2 protein chains.
Amino acid sequence: MNQLRDHIERIVPLEDTEFETISSFFSYKKYKKHQFLIQEGELVPCNFFVLKGLLKLVYSDDTGKEHIVSFAQEDWWETDFAAFYTESRATMSLECVEDTEVLCLRLTDYRKLCAAVPQLEHFFLEKAYQGFIAAQQRIISTMTVGIKERYEQLLKKYPTLVQRVPKSLLAAYLGVSREALSRLSR
Amino acid sequence: MNQLRDHIERIVPLEDTEFETISSFFSYKKYKKHQFLIQEGELVPCNFFVLKGLLKLVYSDDTGKEHIVSFAQEDWWETDFAAFYTESRATMSLECVEDTEVLCLRLTDYRKLCAAVPQLEHFFLEKAYQGFIAAQQRIISTMTVGIKERYEQLLKKYPTLVQRVPKSLLAAYLGVSREALSRLSR
DNA sequence: GCGGTGATGTGACTTTTGTCACGCGAAAAT
DNA sequence: ATTTTCGCGTGACAAAAGTCACATCACCGC
């Protein structure tokens with residue numbers, strides 16, 4: 001759990017008692033490769049904090065093709081946020097790329113948590129800003145540069161991630177076909 | 001200013017005195033079509049709340065081509081958020097598509113504001129979540145559907161906006177050439 | 001060890017989109 | 001009122017990416 005504490009304290013300082021309160025709201029779970037944390041069409045149980053492993057957030061289009069909305073590795077939060085926050089059904093699925101361990105936070109507990117430790121609202125605000133900025137920069141990247149540069153930016157930004165993920169998944173994340181990504185090596 | 005109060009109260013209730021405090025931190029400004037609220041390369045003075053009019057947030061790539069990151073019409077907040085929040089230089093510019101009136105909030109005042117009226121942090125959190133969700137859905141839309149459907153989704157989601165904006169700008173927002181968008185009408 | 005599955009590269013062809021060039025009509029500027 | 005600019009459509013061609021089919025290699029489970 002210290003991992004979570006360190007993660008939060010990068011943004012807001014905590015007393016020991018506060019962190020005890022916080023940790024009481026999370027539950028630990030372990031999943032194996034290919035298991036689903038969220039299934040499309042079902043309610044979203046939690047917001048997940050990744051302790052170890054790797055997840056992919058996937059949107060499947062009407063032709064059945066899979067598009068990767070985001071990856072989540074150690075110290076990342078991941079969920080189908082729109083569905084989680086509005087308690088509606090998931091439009092995406094969340095699946096393990098590797099065996100992974102997570103801490104789970106239900107929506108009701110999230111609310112209690114923010115009430116019990118108000119600084120956490122500031123923590124989540126900061127995370128939301130980061131997420132928004134990252135998403136906006138990804139939009140810009142998609143609009144302005146070709147695949148080659150997008151792939152290079154990805155390599156530069158998340159070098160470790162790229163090594164853990166098969167290229168077919170990277171292609172699904174970058175928004176191009178597996179073949180187009182493969183052709184870059186020439 | 002009632003416009004701002006109504007806007008905030010859609011998310012958090014306010015006392016009269018609280019709103020007086022809030023409004024004291026904003027300053028009103030008026031700009032004409034083609035004027036810049038943010039210039040690329042300069043510091044970002046404010047986060048802007050649009051009272052009336054229409055703005056475009058633009059990223060210019062190295063070839064000089066303009067890409068529209070987002071539009072902002074009445075009751076929207078807009079700024080180069082990454083640069084605003086970290087007090088660094090803008091990578092985007094913010095320009096009037098029509099004559100527009102805004103309320104300006106400086107970063108130092110934003111901080112004071114959140115300290116003075118703590119519920120506002122919850123208001124901004126909610127806005128950040130909305131922004132994040134919208135950005136993520138735009139990413140999905142770009143990855144999953146062709147131009148035609150993207151344009152139709154835009155029409156459905158912001159019918160009034162589409163009428164106010166020339167198609168060349170819509171193309172720059174959708175991430176395709178003016179010609180490609182024009183070809184849809186056939 | 002063996003058969004299956006998944007990851008990757010490659011060639012041929014099609015489809016989509018970008019780019020450039022041009023024309024036209026409406027609106028704006030002088 | 002005349003000139004210029006802007007918005008928009010269009011045709012022709014080039015470039016980029018998608019699709020389909022196939023081949024290879026490595027790893028996994030039995």
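The sequence lines fix the lettering, A, B, ..., with proteins before strands; numbering per chain opens at 1. Worth saying up front: this structure is predicted, and the values here are computed from it rather than measured.
Atom CG of A:L184 is separated from atom C1' of C:dA7 by 16 Å (rounded to the nearest Å). Rounded to a whole Å, the CD atom of A:E98 is 16 Å from the C1' atom of C:dG6. Distance A:E66 CD to D:dG18 P: 17 Å, rounded to the nearest Å. In this structure, B:K33 atom NZ and C:dA27 atom P are separated by 12 Å, rounded to whole Å. In this entry the distance linking CG of A:L181 with P of C:dT8 reads 9 Å, nearest Å.
Cluster membership check: B:Y28 shares its hydrophobic cluster with B:M1, using side-chain heavy-atom separations under 4.5 Å among Ile, Leu, Val, Met, Phe, Trp and Tyr. In the hydrophobic clustering of ILVMFWY residues, with side-chain heavy atoms under 4.5 Å counting as a link, B:I133 and B:V69 come out together.
Sorted by residue number, the members of residues 146-171 of chain A with any non-hydrogen atom under 4.0 Å from DNA chain C read A:P166, A:K167, A:S168.
For A:R178 against C:dG9, a side-chain-to-base donor-acceptor contact under 3.5 Å is present. For D:dG11, its base never sits under 3.5 Å from the side chain of B:R183 at any donor and acceptor pair. Within 3.5 Å, a donor on the side chain of B:E179 pairs with an acceptor on the base of C:dC20, or the reverse.
In this structure, A:F124 and A:Y110 have perpendicular ring planes: the angle between them is above 60°, well past the 30° mark. Ring geometry for B:Y85 against B:F81 counts as parallel: the plane angle stays under 30°, on a 0 to 90° scale with 60° as the upper cut.
Nearest heavy atoms, B:V50 versus B:V102: CA-CG1, 4.2 Å. Taking each heavy atom of B:M92 and A:I140 in turn, the nearest pair found is SD-CD1, 3.9 Å.
A sub-4.0 Å separation between OP1 or OP2 of D:dT19 and a side-chain N or O of A:K65 is present.
If you check D:dG18, C:dG9, D:dT10 against the side chain of A:S185, the one that comes closest is C:dG9.
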